[in-house]
Amino acid sequence: MEQIDFKPNLKIEKFFLIIEVLIAILIIIIAGIYGGNVLFASIFFLIFLGAVAIVTLAIAIPKTFTKYSITNDNKIIVDYKFITSSKKIYRLDQVTSISLSQGLLGKIFGLANINFGIFGGTSFNPNSTKQGQSYQSLLPKFQTIKDYKKIFNILAQNISLDLNSKIIYEDEPSTKPSVFGFSIFFIFEFISITLLIVGLMNTNTKEKFIMLITGTIGVAIFFIPTITSFFHLLKVKSTKYTIRQDRIVYEDDYMLSATKIIVPNTKITNSQINKNLITYGLFKVGSVKLFTGGSKDPKFASLEDFEGFANVLSKIYSNINNQNQETNNIDYSTNIHTKEESAFKTKPSASFFVTFWFYSTIILLIPTAALLVAKNFIIIEKIIYYAILTGIGILYISLLLLRFILWKNTTYDFSHYKLISKSGILNITTKEIHFNNIKHIELHRKLLFDRAFGQGTIYIFTPGTASTDAKLSSIKEYKDVYEELKEVLGRQKK
Amino acid sequence: MNKTTFKPNIGITIMQTLLFATLLSLPVIALALVFMLTEYANPFYGYILLAVILPLIIFFSITSIGNVMNTTYEITNKFITRKKKFISEIQEDIPLSQITNIDYRIGWFFDKIFGVGTILVYTSGSGSFDITLSNIKSVADKYEQINDLLKLNKSVKLHSNGEILKNRNTMQTESKLLERIKPSAGIATFQLAIGNTIFWIYVTGFLAIIIVPIVTILSYIAWTKKYYDFYTDKVEYYDGFLTLNKSTVTMERITNISENRGILDRLFGTYTINIETAGSARAEVSIKYVKDGTRIVENLKEVLKVHGTNWFQTKP
C-alpha cells in the first residue's frame with residue numbers, strides 16, 4: 001500500500017469569506033445610497049464583518065499549511081509548516097478508537113472530522129515540559145476532510161478491522177427518558193406562553209403584572225432546555241449501538257450532526273454498567289461504558305437490555321484477553337442473560353462501618369460542641385437551638401443509614417480471570433476488571449480500623465482514567481486476594 | 001528468583017524533618033514568648049499556642065521519621081514493591097511489564113551532600129501514579145539495576161535480514177551507544193536570555209544589570225551539561241548541572257515522535273524533538289535546541305526498525 005497524503009478541505013471557510021465580502025459590498029452600496037446616519041452604522045457593521053473575516057482566516061490559514069498522511073508502515077503523520085513547523089508521527093497500533101464526526105456545516109458541505117483516541121493517560125501534568133498544553137490537544141485529528149468515508153475505511157483496515165465482519169448484537173437506546181425530559185420542558189414552556197398571552201389580554205393591572213412577569217421568566221428559562229431536549233430526542237432516536245465480531249460501533253445521525261465511533265475489540269480494557277435507581281425505576285434503563293485506556297471512549301446510554309449488552313461485550317473482550325482462538329464459533333446470542341459462576345464472593349466487613357461512623361461522629365461533634373459552648377456566651381433562641389441540634393441529629397442518622405445502604409449494595413465477585421465490583425447508593429456501578437489489564441495494585445491497612453479488625457483495603461489500578469479503578473474496601477480475605485492478584489500480575493506479559 | 005531488598009536512607013530524612021520542625025517551631029515559640037513575657041497580649045494565649053502547635057510538630061516529626069524507618073523496597077525480576085508498616089500498613093506492587101520509563105533525580109542541595117537521590121518509576125495509567133523511591137544511597141547503581149531488569153522484558157530482536165532470532169529469553173539485547181547529541185548551548189541561552197532579561201528586570205529593577213549576566217552564564221553552563229544518548233535499545237537524557245536528572249525511555253515504549261520548529265527555531269536552525277511513551281503526560285523526553293533534527297528522527301526510526309519493536313508494523 002502506498003502512502004496516502006491528503007489535506008483538510010476549506011470549502012466552509014471559503015464560503016463564509018465570500019458571503020462576508022458580498023455583505024460588505026452590499027453595506028457599502030447601501031451606505032453610498034442613503035448616506036448620513038446610515039453611513040455611520042455601516043462603518044460599525046464593516047468593522048464587525050472585518051473581525052469575523054479575521055477569525056475565518058485564522059481558522060483557514062493553518063489548515064492550508066497542514067498535511068495529513070497515512071504511511072505504509074502503519075503510522076499517521078500530521079505535518080504543519082507555516083512560520084513554525086511541526087511534524088508529529090503516531091503509531092496506529094496505539095490507537096484505541098477512531099471517530100468520525102460531522103457538524104451541521106459539515107453535513108451541508110459534505111466534510112467531516114476524524115478523531116483518534118490513543119492509549120495512555122489523559123491527565124495533564126503541570127510538571128510536564130508541555131507547559132500549558134493539555135494532553136487532549138496532542139491527540140492526532142484530521143479536520144474537515146472531503147473523502148472521509150474512504151479514509152475512515154482505510155484507517156479501519158489498517159488496524160485490522162474487517163469492514164464486513166459479522167454483527168453479533170445490535171441495540172438502540174430507549175427514547176423514553178428523552179421523551180419524558182422533552183415533554184416536561186415543553187409543558188412548562190407552553191404554560192409560560194399561555195400565561196404570557198392571558199396576561200396580555202387581562203385588564204386587571206395587578207394580575208396582568210404577575211402573569212406577565214411569571215410568563216416572561218418562564219418562557220426565558222424553559223426556551224433553551226425545550227429546544228435542546230428536542231434535538232437530544234432526535235439524536236437518541238437516530239442512535240444505534242452495534243457489537244461486531246471485531247469491533248464495537250456507536251453511531252448517531254440526525255439533523256444537526258452525525259457521529260460514528262469505532263473501538264476495536266482488542267483495545268477494550270474494562271467495562272462498566274451504571275444503573276441509576278431513579279431512571280431505572282421510571283424507565284427501566286441503564287447504561288454501559290467501555291474503556292480502552294485511551295480517550296474518547298463511547299458510552300452506551302439508555303439501554304433497556306443493558307445487562308445483555310454488557311454480557312455480550314464482556315464475552316467478546318474476555319475471549320480476546322484469554323486468547324481464545326475460536327471467537328468465530330462462539331454463539332453470543334443465546335444465554336446472554338446467564339451469569340458466569342463466580343469462584344469467590346466477598347463484601348466489605350466491620351471496619352467499613354466503624355471507620356465511617358467514627359470519623360462522622362467526630363466531625364459532627366464539632367458543630368455540636370461549638371453550639372453548646374456558644375450557648376454560654378451568646379443568647380440563642382430556644383427554638384433555633386433545638387432546630388440546629390435536631391438538624392445535626394438527622395444528618396448523623398442519615399449518614400449512618402446511607403453507609404449501611406452502600407454496604408448492602410457492595411459486592412466483589414471473583415472468577416478465575418476477572419473481578420466484578422458492584423457498589424453505589426443511588427447510582428449503582430458494576431465494574432468489570434480483567435486481571436490481564438491491571439497496571440498495579442496496592443494494599444492499605446489503616447490503624448483505624450482495618451488493622452484493628454484484621455481487615456484490609458485493596459486498590460486496583462487499570463489503564464486510562466481513574467474511574468475504571470477498583471477499590472475493595474475493608475475485606476477480611478485481603479491477604480489471600482492480594483497474593484493471588486500479585487501472582488496473576490507476575491504472570492502478565494507486556 | 002533473585003530479590004533485592006533495600007531501605008531508604010534514614011539519616012537524610014531525620015535531618016530534613018528536624019530542619020523542617022525547627023524552622024516551623026521557632027517562629028511559633030518566638031510568638032508565644034512575645035505573648036508570655038511582654039505586655040502586648042494576654043500571656044494565656046502564649047500557653048495555648050504552645051500547647052497546640054508543639055504537640056502537632058512533635059507528632060508530625062515522629063510520623064515522618066517512623067514512616068521512613070519502616071519503609072522497605074523490594075525489586076524482583078517481576079515487581080517493584082514498596083512496603084510500609086508504621087501505625088498503618090501500605091503495600092504497593094508495580095509489575096515490571098507495566099513500567100513505561102524511569103528517571104532519577106539528584107537534588108542539588110541535600111541529595112548531593114549526602115549522596116542520595118530519587119528514582120521515579122512511571123506506568124501508563126490512571127492519575128499518573130508512580131512509585132517514588134526516595135533517599136536511596138547510590139542511586140545510579142539502583143537505577144542501572146532496574147534498567148537491566150526492564151531490558152529482560154524486551155521484545156524480540158530482528159536479524160538484519162528480517163529473521164526473528166530465537167531464544168529471546170537468553171538473549172540480552174546489547175546496549176551500544178550510537179550517538180550522543182548535545183543541544184546548542186549558545187542558541188539555547190540566547191533564546192532564553194530574552195525572556196530571562198524581561199523577567200529579572202520586572203522582578204528586581206535596575207539590579208537586573210548584575211543579575212542577568214550571572215544568570216545567563218549559569219544558564220549557558222547548565223546547557224553545556226545536558227546531553228542525549230541514543231543507544232540501540234533506549235534513549236537517555238542526562239542533565240548534570242545543579243540538580244542531576246536522568247531519564248530513560250526504552251525503544252519499545254515509544255508511541256509518538258514529533259519534530260517541531262518554532263519561529264526562533266527556524267531562525268537559528270534548531271529543532272525540538274519530543275519522544276513520547278504511553279505513560280502519564282510527563283513521560284517523555286523533549287530534545288530541545290538541537291541541529292539536524294530531521295536526521296535525528298530518521299536515525300531514530302532506523303534504530304526502531306532494526307530493534308524489531310512494534311513501531312514498524314507491516315499490514316497483515
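What you see below is based on every heavy atom in this structure, not just the backbone, and it leaves out hydrogens, waters and symmetry mates. Numbered from 1 within each chain, the chains take letters A, B, ... in sequence-line order.
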Could you tell me the separation between the [atom1] atom of [X] and the [atom2] atom of [Y], rounded to the nearest 0.5 Å?
{"X": "S258(B)", "Y": "K87(A)", "atom1": "OG", "atom2": "NZ", "result": "11.0 Å"}
{"X": "I77(A)", "Y": "I257(B)", "atom1": "CD1", "atom2": "CD1", "result": "10.0 Å"}
{"X": "E442(A)", "Y": "D93(B)", "atom1": "CD", "atom2": "CG", "result": "9.0 Å"}
{"X": "E259(B)", "Y": "I89(A)", "atom1": "CD", "atom2": "CD1", "result": "7.5 Å"}
{"X": "K84(B)", "Y": "H444(A)", "atom1": "NZ", "atom2": "NE2", "result": "9.5 Å"}
{"X": "T81(B)", "Y": "I441(A)", "atom1": "OG1", "atom2": "CD1", "result": "9.0 Å"}

Task: Option in T272(B), I263(B), L264(B) with maximal non-hydrogen atom pairs under 4.5 Å from chain A - done: I263(B)

- [ ] Starting from the C-alpha separation in whole Å, work towards a yes-or-no answer on side-chain contact (heavy atoms from CB on, under 4.5 Å) for Q91(B) and K486(A).
- [x] CA-CA 11 Å; Q91(B) 180 172 340; K486(A) 188 165 170 176; 3.8 Å; yes

Task: Contact summary for S88(B) and K446(A), nearest pair of heavy atoms - done: OG-CA, 3.3 Å

- [ ] Might you point out which heavy atoms bring G262(B) and T84(A) nearest each other, and give the distance in Å?
- [x] CA-CG2, 3.6 Å

Open item on the list: Can you tell me which portion of I438(A) sits under 4.5 Å from chain B's heavy atoms? Options are side chain, backbone, both or neither.
Closed with: backbone

- [ ] Could you look at Y459(A) and say if it's the side chain, the backbone, both or neither that has a heavy atom under 4.5 Å from chain B?
- [x] neither

